[in-house]
Structure formats: structure tokens, C-alpha cells
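Model, not experiment: these values are computed from the prediction. One-based numbering, in listed order, for ligands and for the atoms of each.
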Amino acid sequence: MDKKRFPRNKIQWIWDNIEGLRGLLIVAMLGTVLYNAMQLTVPYFSQKIVDRFLTGDAAATAYESDKHGFYSLVNAMIGITLLRALIVYLDCMAYEHVSQRALYRIRNHLFAKIEHQDMHFYNEYRTGDLMTRLTGDLDAVRHNIAWVIRMIIECFALFTAVSIYFFSMNVKMALCILALAPVIFIIVFTFRRKVKPMHQLLREKHSQMNTAAQENISGNRVVKAFSREDYEIEKFDKINRDYRDTNKKTRLVWVKFFPFVETCANLLPVVLLWVGSTLLMKDEMTMGEFVAFSGLMWAIANPMRLLGNILNEFQRFSAAADKIMEIYYSEPAIVDPEDAIDHPERFEGKVEFQNVSFRYEDADLPVLSGISFVAEPGETVAIMGETGCGKTSLIQLIPRFYEPSSGKVLVDGMDVSKLKLKLLRTSIGMATQDVLLYSDTIDGNIAYGDTNITKENVIKVARVSAADEFISKMPEGYDTIVGERGVGLSGGQKQRISLARALAVRPSILILDDTTSAVDMETEKLIQEHLSELDFPCTKIIIAQRISTTKKADKILILQDGRISESGTHEELIKKNGYYAELVRLQTGEEVIA
Ligand code: DGT
Ligand code: MG
């Protein structure tokens, strides 16, 4: 996956994301060159002061005869130092501004990409991993713009400027000092090769750690129910230790290389002293030049020392950017077709399956085979069958969460794959099997699909869902805030809010996936009655296990091993004396007359 090819390389990708601030970044980069070049001025002035006022033939009288010249040099040194500090400050601000803007932009883009992905994507990626991309990985990108780029320019500018200055002063001395540079480059690039895979591994470990933490926080009820806290803590400790060890190993790669770089850097003053004194004795170099060389030795040594760190951070960025770009350039498979049908009027709600077969991408066997049925506008179609037989998979084909492997799903006679996705999905009200409520008020949760809905209508749909009664009894009624995933509500209460949410959009097609399974029989009966008296036309497709829910349906489909084994009304199916009749016998305890 890391070898994936993206339409843009990493630098182009960052460039794309700083649109509007490219000029500022270029100015900031020039600023970095400028403030580093200004570093040279202090040794330059020092050299002048030493040569004119401290050494040389006229040194003894130079100060008395040219006080003004002396103070001009000192003042210029102070002035340039202050100006440089100001430039450094503004420069850092500019990098920070650009990097934060890029971060903001990429994060929004990434979030939108994740939001628009298919079900398949959510099956493939773990939440913890996606969170890592949105947080830690993105921070590595920000750090790259704010620090790594600046440091690369700083090192390069400093090294080049000092080299030029050295050559302009004394070619022999400059050559002797810079002879060490190629050695450093060889060391650093060997290091880069070694550290690159380490950063990819480290990033994986980081993601694993986040995933473990996220899954445990979401699943803390299960952990508590089975008293598995100690086990989970131990498991997390192992992952955390693994992360720490990989982190340490990655850092230690540089530690192995660092002594060689450090030795080279420390050899510089020795070379200066050795070669410099020889040149001084031979009168091939002035004392001022020697002072300037000595004063600028750090400007050659520091980039050498920093290079490893910069490459380390760059590799961290590179590993993170690969992961982010994978999502950044990903495209969902289920999208609007070209010239998608926009349907200005409300759908009548006819749903038709024509010989539909379906297999999950990652599975070998099909879940559904040869499914054909029609739900006429306004009809109620119930789907029953044992657990795992494919009921949820079937209804997920209507809003095009997945595409059938063969056959067609039609709404109002139009293939769903030809319809505008947004239009199709906003015409469907769906209460999923796993209820997810947002940390918001009950009112906000019900109005999720239609934020313009009036308070009256929220109460109305809550009444239809038999939820109004328990909501009204809450101290803050509809303004009660429910926790993440609906904490604070019972399973049946959550189901009823989810039903109200599905009804609030006044859908043409209502799909209920086991939505009343946790609701008592009495309330369920009430809900069924309400659903048959909705004040808008609506086709209902209801998955249920209880006969009481499905009895009154216009059509009951029995799904067995991904095929419709029986279909008809309650009475017709009883006559067939098959699976359904058996179900009636089991649930009612009555002998039914075949
Ligand atoms: P239920 O809710 O327990 O009554 O069961 P159904 O009838 O809703 O079953 P369904 O459609 O969720 O699953 C049918 C089969 O497909 C079952 O063997 C599990 C499998 N399956 C469900 N979701 C996925 C998925 O996302 N990927 C793969 N590979 N298989 C899945
Ligand atoms: Mg299901």
C-alpha cells in the first residue's frame, strides 16, 4: 500500500494545498536565506575590527585616529543583529501561518473524503487508523512545512553562503575545511536509507496503538461486563511497549551514525588550527581572516549535525504523507453516474428487485441470489428469515450502499444506479439495525435528516414512533442531551428515536431493520398502527422477527440462504405450511390450520 502511486508527488501535493499562500511561503523561504546570509556579517565586521584596530601595523594608533570608523562598525554589528532577530521572528510566523492553513485545508478535505466513502471503505479501514491520519499524521505534515522546509533552506543557505565567503577569503583554507563535507553526505544518506522503513513501521505501530485505545473506549461496556479490564490493560501495555521500542529503535539509528558526524564536525577546528597556523606563519592569511574562519566554523558544523535530524523528520513526514494521500486521492466506487437522473417530484415509492445477486467484495460466496420482488407504492413488505440469511444486505442495496453483483434494483421503475445518489438517499428513511445517535439533544437527533423541521413535526413523528411519552417524561424533554451512541437511553428507546428520525424526512420509502425488536409487544402494536396511518404516502420495507410485526404486511418475504423461499400474505404463507407457518406455531404456540 505504501508503494501506491499518487497523481501528485508529496511536494506538489503540499503546493496544491497552500494555494493563496504560495507567495508568502516563497517570501518566507527567501527570508530564511536572508537571515542566514546575515549571519556572515558579524564575523565580517569582526574581521574588519581585528585587522584594523587590534592587529596590523597601525593598530596602536588606529582607534585614536578613527574612533568614528570603530563605532560605526560596532553599531552596524548591533543593528544587523537586531534586524536579523526581527526577520527570524517574522519568518517563523510566516511558516507557521502557511503550515496551519495547509493543515486546516488538508484535514477538511480528508474529512470530506472519509464522509463520502462507501461502506466497503469503512469495512476496510479501522477507526483508530483513520483518526491517526486525521491527527498525528497530519501533524507530521504541518511540522514538515513549519520546520523541515525551513531547516533544509537554513542549512543549505548557511552552508553555501559560508562556503562562498570562505573561498573569497582564502581558497586553501576553504578547501581544507570543506573536504570533510562529502564524508558527511555519505554518512547521512546511508542513514536515510536505514531509517526510512523504520518510520513506516513506527507509523503503523502508532496507528495500532490508537486503534487499540479507540476500540477499548468504544467497547468499554463489554470490557466491564466481562471484567476484562486487567486483560485489556495488559494488552494495551504490550502494544504501547511495542510502539515505544520501535520509537526507540528509530531514534537509535541516528545515535549510531551521530558519532561519525560529530567526529567530522569536531575535526573542523583542528583542521582550522593546523592549516590556519601554517598559513598565518607563511603570511598567506591575516589574523582577521583567521578570526572570521574560526567565528564561522559553527555555520559549517551545525548543518552537518542537523542534517540527520532533518532527514529523520522528513522520513516521518514521508511515511505520514503516504497514509494521508492514500485517503486524499481515494475515490468512492459508488458515485453519481454521468447524466444522473434528477427527479424533481417525490418518488411514488415503488421498489423492485429484478433477479438480484450480491456478494461482498471480500467474501467468496454470494449473500443473495436471484432475488426478485416488487413493493408497490404504499405497500408494506416484510422480510423475515433466520439470522445471517441476508436481510440487512438486501435492504442496503436500495439506498445503493452496495451495488448488486448482477440484476437490478429499481425505484419507481428507474435503476437506482442511474439516479442521483443524494436524491435517492434523501427519499429513503432508514432505521438501521445498530442504532447510532449523536451526542446532541433528542430533538437534534430526530431532526438530523431535515434540520428545517418544525418542533411540532418532531413531536408528531415522535408520537408515531411511540417515543413522545418517554421523551416528555424526561426532565428536559426534547432538549435532553443524549451521550455518544445514545448513552442514557434504553435499547427500545433508542430504536424509537431512530424510527422518529427516519420518519422525520417524510420518506417515500421507509426501511426498518429490526427497529422494534427491543420494544415491548404493546408499544410495538401501537407503532404498527401508527405506521399504517402515516399522513404521507410511503412504501415500507420492514425486517422483523416477530409475526406480530409482519402479520398485516401486504407481502411477506422469507429469506433462506440468500434466496426468497416463500412469499405472500400471512394467510397465503400459513397455507403453504412452510417456514413461516412453523414460525407462527413457534411464536404463538397455536396450531395453525394449513
Ligand atoms: P440478522 O441481522 O442477524 O438477522 O442477519 P441478516 O439477515 O441481516 O444478515 P446480513 O445481511 O447482515 O448478513 C448476511 C451474511 O453476510 C452473513 O453471513 C454475514 C455476511 N456479511 C454481512 N456484512 C458483511 C460485510 O460487510 N462483509 C462481508 N464480507 N460479509 C458480510
Ligand atoms: Mg440484519
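Ligand 1 has Q545 within reach: a non-hydrogen atom of the residue lies less than 4.0 Å from it. Assignment of G385 to the shell around ligand 1 is not supported, since no heavy atom sits closer than 4.0 Å.
Residue L557 is tested with V381, I371, T550 for a side chain to side chain contact (heavy atoms under 4.5 Å, CB included); the sole match is V381.
A salt bridge links K323 with E204: the distance from a Lys NZ or Arg NE/NH1/NH2 to an Asp or Glu carboxylate oxygen falls below 4.0 Å. Under the 4.0 Å criterion applied to side-chain N and carboxylate O atoms, R585 and E582 are assigned as salt-bridge partners. Ion pair K113/E331 flagged as a salt bridge, since at least one NZ, NE, NH1 or NH2 atom sits closer than 4.0 Å to an Asp/Glu carboxylate oxygen. At a threshold of 4.0 Å, the pair E19-R105 counts as salt-bridged, since one of the basic side-chain nitrogens sits closer than that to a carboxylate oxygen. Between E232 and K235 a salt bridge is recorded (basic side-chain N to carboxylate O distance below 4.0 Å).
Looking only at protein heavy atoms, the nearest one to atom 4 (O) of ligand 1 is K391 NZ, 2.7 Å. Distance from atom 11 (O) of ligand 1 to its nearest protein heavy atom, with residue and atom name: S393 OG, 2.5 Å. Closest to atom 5 (O) of ligand 1, if we only count protein heavy atoms, is G388 N, 2.8 Å. Among protein heavy atoms, the minimum distance from atom 12 (O) of ligand 1 is reached at T392 CB, 3.6 Å. The shortest contact between atom 26 (O) of ligand 1 and any protein heavy atom is with N123 ND2, 2.9 Å. Counting protein heavy atoms only, atom 21 (N) of ligand 1 is closest to Y360 CE1, 3.3 Å. For atom 29 (N) of ligand 1, the nearest non-hydrogen atom of the protein is D362 OD1, 2.8 Å. With respect to atom 2 (O) of ligand 1, the closest heavy atom belonging to the protein is Q433 NE2, 2.6 Å.
No donor-acceptor pair under 3.5 Å is formed between the side chain of R316 and the backbone N or O of H143.
Under the 30°/60° scheme for interplanar angles, the aromatic rings of Y360 and Y402 are found to stand perpendicular. Relative orientation of the Y580 and H570 rings is perpendicular, given thresholds of 30° and 60° on the angle between their planes.
The protein does not reach atom 19 (C) of ligand 1 closely, with no heavy atom under 4.0 angstrom from it.
Considering backbone and side-chain N/O atoms, A363 never comes within less than 3.5 Å of an N/O atom of ligand 1.
The distance from the Mg ion (ligand 2) to the nearest N/O/S atom of Q433 is under 2.8 Å. Put simply, T392 gets within reach of the Mg ion (ligand 2), with an N, O or S atom under 2.8 Å from it.
Atom numbering of ligand 1 starts at 1 in the shown order; those under 4.0 Å from a heavy atom of V367 are 14 (C), 15 (C), 16 (O).
Side-chain contact annotation: S318 with K10, donor-acceptor N/O pair under 3.5 Å present.
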